[in-house]
Amino acid sequence: MTQEPAHLDDHHVLIPASRDRVWQAVLDQSEKILRRGKPIAWVLGANPPNGFAVTAEEPHQRLDLAGRHRFATYLLRFELTAPPEQDGSTVLVARSYANFHGLTGRAYRAALLASGGHVAAVRLMLRAVRTSTTTR
């Protein structure tokens, strides 16, 4: 097993839906991520070319999407858990990991985090999953 990149951050959302429903929404959102061509991925020299590939899956518990480009190796992990209240809701956590390569990688990291682009993208994904579970 290869070593995970360094932990970057976590984002949580409580979704008022069953784990089965949230899992399906995570799979649907991931499929969109994997299908979508991204010009930025091409510019960065991403591998795979769209930026992400599924690297691990534990149904109804965890899905890992990973990739690499000129400046970083990265992993986005979705984890599903039940909240302490056991009220039929599901907690979805998006955990981000990344290693940044060399001086240009450190500059890329600084720009990515300072711009808020990473946080906005992860929150948008979580919001899309939550919305998907409430509109079905």
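Defined by atom type and a distance below 3.5 Å, a donor-acceptor pair is present between the side-chain atoms of D28 and Q24.
For P83, the side chain to side chain contact (heavy atoms under 4.5 Å, CB included) criterion is met by L14, E85, D87, S89, V91, not counting sequence neighbours. Here D10 pairs with H7, H12, V93, R95 under the side chain to side chain contact (heavy atoms under 4.5 Å, CB included) rule; sequence neighbours left out. Taking the side chain to side chain contact (heavy atoms under 4.5 Å, CB included) definition, one finds that P84 meets it with nothing, sequence neighbours left out. Scored by the salt bridge (charged side-chain N to carboxylate O under 4.0 Å, His left out) test, R62 finds E58, D64 as partners (sequence neighbours excluded).
Looking at heavy atoms from C-beta onward, E57 lies in side-chain contact with L27 at the 4.5 angstrom threshold. You'll find the side chain of I33 reaches within 4.5 Å of the side chain of F52, heavy atoms only. By the 4.5 Å heavy-atom criterion applied to side chains, V26 and L92 are counted as neighbours. Within the 4.5 Å cutoff, side-chain heavy atoms of R109 are placed close to those of L8.
Closest heavy-atom contact between R19 and T81: NH2-CA, 3.3 Å. The nearest pair of heavy atoms linking F100 to R106 is CB-N, 4.2 Å.
Side-chain heavy atoms closer than 4.5 Å link hydrophobic residues (I, L, V, M, F, W, Y) into clusters, and following such links, even through other members, never connects L65 to Y97.
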Considering only distance and modelled atom types, tabulate donor-acceptor pairs under 3.5 Å from the side chains of residues 66-75, sequence neighbours left out.
{"from": "R68", "atom 1": "NH1", "to": "T73", "atom 2": "OG1", "distance (Å)": "3.1"}
{"from": "H69", "atom 1": "ND1", "to": "F71", "atom 2": "N", "distance (Å)": "3.1"}
{"from": "H69", "atom 1": "ND1", "to": "A72", "atom 2": "N", "distance (Å)": "3.4"}
{"from": "R70", "atom 1": "NH1", "to": "V43", "atom 2": "O", "distance (Å)": "2.4"}
{"from": "R70", "atom 1": "NH1", "to": "L44", "atom 2": "O", "distance (Å)": "3.2"}
{"from": "T73", "atom 1": "OG1", "to": "H101", "atom 2": "NE2", "distance (Å)": "3.0"}
{"from": "Y74", "atom 1": "OH", "to": "G51", "atom 2": "O", "distance (Å)": "2.7"}

Show every donor-acceptor pair shorter than 3.5 Å between a side-chain atom in residues 117-128 and any protein atom, with sequence neighbours excluded, or say none if there are none.
{"from": "H118", "atom 1": "NE2", "to": "D9", "atom 2": "OD1", "distance (Å)": "3.1"}
{"from": "H118", "atom 1": "NE2", "to": "D9", "atom 2": "OD2", "distance (Å)": "3.1"}
{"from": "H118", "atom 1": "NE2", "to": "S96", "atom 2": "OG", "distance (Å)": "3.3"}

_Criterion side-chain contact (heavy atoms from CB on, under 4.5 Å) on S30 and F78, from CA distance to verdict_ = CA-CA 10 Å; S30 298; F78 292 103; 4.1 Å; yes
Criterion side-chain contact (heavy atoms from CB on, under 4.5 Å) on L80 and H60, from CA distance to verdict | CA-CA 7 Å; L80 287 73; H60 305 277; 5.7 Å; no
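Atoms CD1 and OG1, from I15 and T134 in turn, are 9.0 Å apart once rounded to the nearest 0.5 Å. How far OG1 of T90 is from CZ of R21: 10.5 Å, rounded to the nearest 0.5 Å. Here the CG-OH distance, from L112 to Y108, works out to 5.0 Å after rounding to the nearest 0.5 Å.
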